[in-house]
Amino acid sequence: MLKQAMASILTPEETEELYGAFDQIGTKIILRIPDSLLHKRKIIGEVLLSKVKTADSIFYQSSPVAGDYRIRQLELLAGKEGTVTEYKEHGCRFKVDIEKTFFSPRLSTERLRIADHVGEGETIINMFGGVGMFSIVAAKKKRCHVYNIDINPDAARLCTENVSMNKLKGTVESIEGDASDVIDKRLSGAGDRVLMLLPERSDEFLESAIKSLKQKGILHYYCHVHSDKKSQVGAVATDHFNSVIGVKAEVLEAKLVRPVGPRFYQAVVDAAITK
Ligand SMILES: C[S@@+](CC[C@H](N)C(=O)[O-])C[C@H]1O[C@@H](n2cnc3c(N)ncnc32)[C@H](O)[C@@H]1O
């Protein structure tokens, strides 16, 4: 769609260089543009805005997702200023700030998969919960109590708003802080299930994740793995998980979540933990 839209302003060679996909989050579009076409980014943004009737602004992503908050730098190419929008998924509504908080529409299938796994009446600890996406989708689907922890004050504030918007006050609790500190202070041994969606640093927080669980519990461990074959991602992630876990763990499922680079993948390992 993007390439077709650009036929009037780019040469066929330039069109070839353009990445085919972009993310639309509510009314905001985030575009990545190769260095060779950066001088044309404003016109690319303007043409795209004129074609996508549901968008009110187009942003160029000028940095990778980075830092403790896992956020990216954006430059407005066309349309309205402002990075807050509303996004709907699995019957839930979310206020997101595409610049100040992490957000990925590409994790939508994974959010539903986790919600499907949640058992009735469970206590869930979402260690790196962001604006509450996984927590709210799960709590809308199943009767459960979720602690949504995030160190980014903007994410914690938006999570509180999203909890209200989805009428889940008292069911999903937004906690601002470092996941290890929060678990130490008030959630040790509290969880039936713990989510660790900070794949770059999972190993660092593994001890805290285990600490947050009851004597038996389910751990969703996310990591990044290199693999030549997509079909081997689950096995590579399992090998790594088994080498770091350090307590009795039965791997229930291990799978690819999404590609994050050439032969580089985000993977999840679901494991039953006994302490
Ligand atoms: C990859 S994002 C995932 C967010 C959310 N689970 C989602 O899918 O939308 C990781 C999140 O962890 C948060 N974070 C980073 N370090 C943290 C820490 N030490 N304790 C709690 N949250 C942290 C970041 O602010 C970010 O929102």
Side-chain angles (χ1 to χ4, degrees), residues 23 25-26 28 30 61 63-73 83-90 92-115 117-118 124-140 146-163 166 172-188 191 193-209 211-212 219-224 257-261 264-268:
D23 283 335
I25 303 164
K28 313 288 174 194
I30 301 177
Q61 179 172 336
S63 81
V65 168
D68 276 352
Y69 296 171
R70 311 306 299 147
I71 54 181
R72 52 197 154 196
Q73 278 170 10
T83 50
V84 177
T85 188
E86 192 178 310
Y87 172 82
K88 292 189 181 123
E89 182 185 283
H90 308 313
C92 305
R93 291 163 60 208
F94 298 96
K95 195 168 165 186
V96 299
D97 187 322
I98 58 170
E99 190 174 44
K100 290 192 181 140
T101 61
F102 174 89
F103 175 75
S104 174
R106 297 176 193 210
L107 291 167
S108 169
T109 310
E110 180 60 9
R111 289 190 268 270
L112 197 58
R113 191 187 76 88
I114 295 292
H117 277 297
V118 169
I124 303 166
I125 296 167
N126 190 356
M127 289 176 74
F128 312 107
V131 300
M133 304 293 302
F134 278 76
S135 306
I136 287 170
V137 171
K140 265 284 176 201
V146 193
Y147 295 99
N148 190 95
I149 309 169
D150 205 286
I151 201 166
N152 177 350
D154 289 305
R157 175 181 50 78
L158 285 171
C159 179
T160 303
E161 288 190 38
N162 290 331
V163 168
N166 290 281
V172 178
E173 197 178 319
S174 172
I175 306 174
E176 181 191 327
D178 168 72
S180 294
D181 286 350
V182 173
I183 289 166
D184 276 348
K185 285 192 189 118
R186 56 175 286 208
L187 294 176
S188 179
R193 185 177 297 274
V194 59
L195 265 81
M196 303 186 73
L197 224 156
L198 185 61
E200 302 79 4
R201 298 179 63 195
S202 282
D203 294 349
E204 223 179 291
F205 286 93
L206 197 48
E207 214 178 295
S208 292
K211 190 173 189 183
S212 77
L219 170 68
H220 299 286
Y221 169 91
Y222 292 85
C223 59
H224 285 156
V257 177
R258 56 175 179 159
V260 285
F264 194 43
Y265 300 93
Q266 183 178 127
V268 59

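One-based numbering along the sequence shown. Indexing begins at 1, ligand by ligand and atom by atom, following the structure's order. Hydrogens, waters and symmetry mates are skipped; everything else that's a heavy atom, side chains included, is used.
Ser108 contributes no side-chain N or O that, together with a main-chain N or O of Pro105, makes up a donor-acceptor pair within less than 3.5 Å.
Between Phe205 and Phe128, the ring center distance clears the sub-6.0 Å criterion. Between Tyr87 and Phe103, the ring center distance clears the sub-6.0 Å criterion.
If you run side-chain hydrogen bond (donor to acceptor under 3.5 Å, both in side chains) between Asp23 and each of Gln61, Arg106, Lys28, only Arg106 comes through.
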Note down each nitrogen or oxygen pair, ligand 1 side and protein side, whose separation is under 3.5 Å; give only atom names and the distance to 0.1 Å.
residue, atom, partner, partner atom, Å
ligand 1, 6 (N), Phe128, O, 2.8
ligand 1, 19 (N), Asp178, OD1, 2.7
ligand 1, 20 (N), Ala179, N, 2.9
ligand 1, 22 (N), Ile151, N, 3.2
ligand 1, 25 (O), Asp150, OD1, 2.7
ligand 1, 27 (O), Asp150, OD1, 3.4
ligand 1, 27 (O), Asp150, OD2, 2.7

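Using a 30° and 60° split on the angle between ring planes, His117 and His220 fall in the tilted class, from 30° to 60°.
No donor-acceptor contact under 3.5 angstrom links the side chains of Asn148 and Ser174, judged on distance only.
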